[in-house]
Amino acid sequence: MTAESKFNDYKPAMTDLQATVEANRCLYCSDAPCIQACPTEINIPEFIRKIATKNIQGSAKTIFDANILGGSCARVCPVEVLCVGACVYNHLKSPPIQIGQLQRYATDTAVQKGWQYFKAGADTGKKVALIGAGPASLAAAHQLRRDGHACTIFESKSVLGGLNATGIAPYKMKSEIAEQEVDWILSIGGIDVKTGVEIGKDISIEELQAEYDAIFLGFGLGLDSRLQIQGENINGVFGAVDWIEQMKANRLDSKAFSKITDAVVIGGGNTALDAVRELKGLGIANVSLVYRRTEAHMSGYAHEWSSAKKEGVRGEFSLLPTAFEATESDLGTVLSGVKCTEVDAQLKPTGLEKSLKAQVALLAVGQGKQEQLIEQLGLEHQKGVLKVNKQGQCSKQGFFAGGDCANGGKEVVNASAEGKKAATAIHQWLSQGASLKAHNSLQS
Ligand code: SF4
């Protein structure tokens, strides 16, 4: 049994009847606010109307035309603050349309039936390198193939899909769904994938510039940030993103994990909320979220925190961790607790100390940026986040970017929208006869 298999879908798939009934509730608003709330601007009333008229094939096409990652977005989008949150029914004291669930119904049906909608465009003879195999690069590569450009994706890990495959809470989407989606996207053909390749190490930036006409950067963020406090290297302290990846890949030490009764997650954002719910779902009795500010200041989604509390997660607020404590066990030196100090609104210690029992502690205090790589590329950035214009063009000709490395860390749907937009800009740039190769030869 894998760790992921212990989780059920928190929003189970709709039946045909449920989808038809829900689709028929939609008012098909002419100035639909739900479309404006979607970063990929899916024509929501159109795809819902097609479900209502039993045109599921057409419905999925409407979704994929706007967002090729419509299947995973249907599961992982925070719809409560996007399309569903914008639905007019919220003002009519009626439940909003379950747009994400309907989107999942249409896209799942398309994948199950093997419906294909897209073909690669006529070969342009142009080649684009895409760095990173996450949602932004996948969306960009798919659009570039529709425009006829050859694509090569370079990924440092062995798995494709980026955080969609390694970082999504399993009650929202299991990694096998992300893998299926990657296969479906790559089935357009002509997207070469090179895994285990690190830019600047296994292939130089000069080699890339000499071989490709344009480069898309979708390499995401870096490693989990650390607190730089005592005991951070004790066995049992993990970065939350790293731990979630290990859990999803079923690489947790099950012997050690079965002995855990108390866990602490440090942070107040969405990664922290995913992590507490995952620890609880894996059967840990006492799970606490420790945040240095108040509950009202948490940056994570309120609906996720509300669900976590219902599942029994405890919130410990205005607490700043100061050290990790260790004990000796048959597994060696292991974590036993997290020492914290209470702080006031200005984050000044009040003098009150508190120690929380924990055999596992996850740091969900942000991820580092890929500043070193960005500087090697000679691109402008702000604190490690690439500077791009509205079309996704970087500070140097021929370089484009999207997703977390250019937006600082947003949703899958933002990465998909930005990847597609940058692909459109790349296509326009290449169509004018521009090329990184020509640019480099002019410079040399
Ligand atoms: Fe349908 Fe709600 Fe969108 Fe109106 S706002 S089109 S009712 S989903």
Side-chain angles (χ1 to χ4, degrees), residues 9-113 115 117 135 139 143 164 168-169 171-173 177 181 270 300-307 407 410-421:
D9 269 7
Y10 78 146
K11 289 180 188 168
M14 281 179 160
T15 63
D16 293 340
L17 182 63
Q18 285 171 328
T20 307
V21 170
E22 187 67 359
N24 276 292
R25 284 183 62 232
C26 180
L27 303 171
Y28 313 122
C29 310
S30 56
D31 56 345
C34 52
I35 301 179
Q36 290 159 35
C38 174
T40 58
E41 296 174 8
I42 295 174
N43 191 332
I44 292 166
E46 183 180 297
F47 94 70
I48 295 180
R49 192 192 290 273
K50 287 177 179 171
I51 293 175
T53 56
K54 305 274 187 218
N55 176 9
I56 314 303
Q57 196 163 2
S59 173
K61 178 159 191 318
T62 300
I63 296 163
F64 290 135
D65 266 337
N67 181 2
I68 198 64
L69 286 112
S72 56
C73 288
R75 289 171 166 84
V76 309
C77 261
V79 291
E80 293 82 354
V81 295
L82 295 175
C83 55
V84 173
C87 177
V88 293
Y89 270 115
N90 290 299
H91 307 294
L92 303 174
K93 296 203 169 84
S94 285
I97 301 295
Q98 294 307 297
I99 301 166
Q101 288 290 80
L102 289 170
Q103 183 168 316
R104 175 174 168 179
Y105 173 78
T107 53
D108 278 5
T109 307
V111 172
Q112 281 155 19
K113 301 262 185 193
W115 293 329
Y117 300 96
Q143 184 58 46
N164 244 7
I168 301 288
Y171 50 84
K172 293 180 187 165
M173 183 170 77
I177 302 288
E181 186 176 61
N270 287 313
Y301 295 124
H303 62 274
E304 294 279 356
W305 176 230
S306 166
S307 300
N407 65 29
K410 287 188 177 174
E411 302 295 339
V412 175
V413 70
N414 298 97
S416 181
E418 290 163 14
K420 189 175 180 201
K421 194 177 284 178

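Below, all heavy atoms of this structure are taken into account, side chains as well, without hydrogens, waters or symmetry copies. Every number for a ligand or one of its atoms is a count from 1 in the order of the listing.
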Neighbouring protein N, O or S atoms of atom 1 (Fe) of ligand 1, below 2.8 Å: 1
Working for side chain to side chain contact (heavy atoms under 4.5 Å, CB included), residues Ile97 and Val84: CA-CA 6 Å; Ile97 301 295; Val84 173; over 6 Å; no
Partners passing side chain to side chain contact (heavy atoms under 4.5 Å, CB included) against Ala66 (at least two apart in sequence or in another chain): Ile42
Main-chain N/O of Ser72 paired to Glu181 side chain as donor or acceptor, under 3.5 Å: yes
Glu411 and Lys172 ion-paired at < 4.0 Å: no
Heavy-atom pair with the smallest gap, counting every atom of Tyr28 and Ala52: OH-CB, 3.4 Å
Short N-O contact, Glu22 and Arg25, less than 4.0 angstrom: yes
